[in-house]
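Let me begin by presenting the structure, written as structure tokens, before commenting on it.
In what follows, chains carry the letters A, B, and so on, assigned in the order in which the sequence lines appear, proteins first and then strands, with residues in each chain numbered from 1.
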There are 2 protein chains.
Amino acid sequence: MSTTEKLLDAAETRMRKGGYNAVSFRDLANDTNIKSSSVHYHYPKKEDLGSALVERYSKQYFDTLAANTKTATSTEQNLRAFQAIIRHALVQDDAICLCGLLGAERAGLPSVVANGVQHFFEKNIKWLESILSENMPDAQKTASANTLLAGHQGAMMLARSTNDNKVFDIITDQLIAQTI
Amino acid sequence: MSTTEKLLDAAETRMRKGGYNAVSFRDLANDTNIKSSSVHYHYPKKEDLGSALVERYSKQYFDTLAANTKTATSTEQNLRAFQAIIRHALVQDDAICLCGLLGAERAGLPSVVANGVQHFFEKNIKWLESILSENMPDAQKTASANTLLAGHQGAMMLARSTNDNKVFDIITDQLIAQTI
DNA sequence: TCCTGTCTATCTATTGATAGAAAAGTAAGC
DNA sequence: GCTTACTTTTCTATCAATAGATAGACAGGA
């Protein structure tokens, strides 16, 4: 694995736990067994690192979404794939969505990072609108897409806050049932 | 206004923008025109400050909720008050919920602060369950309460992330319509 | 006289960041 | 195969700024 990938892995793990300011160059250097000055070689400024991380996260997320909905033929199948991907990120990594956390911290982020987060959410909305029933009026599509996205992100936050992943399933099952 | 109140005000403003690590003793000292050592006099450790802030925030939140639902006679009236309080926090303060942000950062917080956040959300769930229709089965109450809370918190995050408060109204209107 | 609150002064640790040397790898020419 | 030249990567060493935190002096009111 390349050094940049190792750095992004370490940064993602740390950032998804404590946020943007919980990641330092020295932490990443220790995690990857190099010196902090070498981290700066790959990512001169912290916002370069943050921006690259959001880009990679977003790409992986939508690649997985595309792969896991390749054979989906209904809104419900698409939504179940959406739910499962987010659930996996919560349970497997024991952390919330990178962009969910950075979105909450938005006002304290470098603008290049904040823009990446905004783009991630806009793509999410577009995808959700695209898989909702064609019978649904556009305004209703927008509302449902936003509700599903906010609900899934909020569900992750709530599950971690109360230390109970069951609430994620309860919430997202209900959201999907209310949509289809 | 007392110094501790001024300090908590300054801390709340900063923390609700950038998170726990975006607040420093020197920032608060400058905001309140005292020295950082004097801040330590009132809150010896940062976790004391964080904990006191979450306590005050939670108290104000539930006090307002109680006051604004005093004459409410239906689930819808209660939910509209709930929605309005959160909306006010988003629009007026141009920031998301303190506990929503700290909940996202939970893994990086001192445990005393994380516990305060958890308690805040548990109280929210209990209140929401208490105002839902008595005809509703308990399991359904729990699901709806969690969905409403996660949805409102996620809606704040999404509104700030996309720089568009309209999505808050769209999401929360839909959530309430789906519940009553 | 005591208590509350603020001050000056200072400490250690950590932060993001940089300059420049050294090493490791790559490719071309002989 | 060996040497030279160049590029990429990592290193040592260091910087100024900021972090949370503490000791002890000083001021003012009860």
Is the phosphate of [N] approached by [X] (side-chain N or O, under 4.0 Å from OP1 or OP2)?
X: A:Y41; N: D:dT9; answer: yes
X: B:H42; N: C:dT6; answer: yes
X: B:S38; N: C:dC7; answer: yes

What is the distance from [atom1] of [X] to [atom2] of [N], rounded to the nearest Å?
X: B:R26; N: C:dT14; atom1: CZ; atom2: P; value: 16 Å
X: B:I34; N: C:dA9; atom1: CD1; atom2: P; value: 18 Å
X: B:N21; N: D:dT18; atom1: CG; atom2: C1'; value: 13 Å
X: B:L7; N: C:dT6; atom1: CG; atom2: C1'; value: 12 Å
X: B:D27; N: C:dT15; atom1: CG; atom2: P; value: 17 Å
X: B:R14; N: D:dA19; atom1: CZ; atom2: C1'; value: 14 Å
X: B:M1; N: C:dG5; atom1: CE; atom2: C1'; value: 17 Å
X: B:L28; N: C:dG5; atom1: CG; atom2: C1'; value: 17 Å

Name the orientation class of the two ring planes belonging to A:F168 and A:H152 (parallel below 30°, tilted from 30 to 60°, perpendicular beyond 60°).
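A:F168 vs A:H152 ring planes: perpendicular.
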Taking the side chain of [X] as heavy atoms from C-beta outward, which of [options] is closest to it?
X: A:H40; options: C:dC7, D:dC15, C:dT18; value: C:dT18
X: B:S37; options: C:dT18, C:dA9, D:dA21; value: C:dA9
X: B:K35; options: D:dT14, D:dG20, C:dT8; value: C:dT8
X: B:K46; options: D:dG20, C:dT15, C:dG5; value: D:dG20

Polar pair under 3.5 Å, donor/acceptor by atom type, side chain A:T3, base D:dT9:
no
Establish, yes or no, whether a centroid distance under 6.0 Å links the rings of A:Y43 and A:F25.
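No; A:F25 has its ring centre 6.0 Å or more from that of A:Y43.
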Report the residue (A:Y43 or B:N33) whose heavy-atom-nearest nucleotide on DNA chain C is the more 5′ of the two.
B:N33
Are the charged groups of B:K6 and B:D31 less than 4.0 angstrom apart, N to O?
no
Under a 4.0 Å N-O cut-off, is there an ion pair linking B:K17 with A:E105?
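Looking at B:K17 and A:E105, the cut-off is not met.
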Classify the nucleic acid contact of A:S24 as base, sugar-phosphate or nothing, counting any heavy atom under 4.0 Å across all strands shown.
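Result for A:S24 = sugar-phosphate.
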What does A:V23 touch in the nucleic acid at a heavy-atom separation under 4.0 angstrom: a base, only the sugar-phosphate, or nothing?
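Touches sugar-phosphate only.
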Is the Lys NZ or Arg CZ of B:K46 less than 6.0 Å from the centre of B:Y20's six-membered ring, within 45° of the axis?
yes
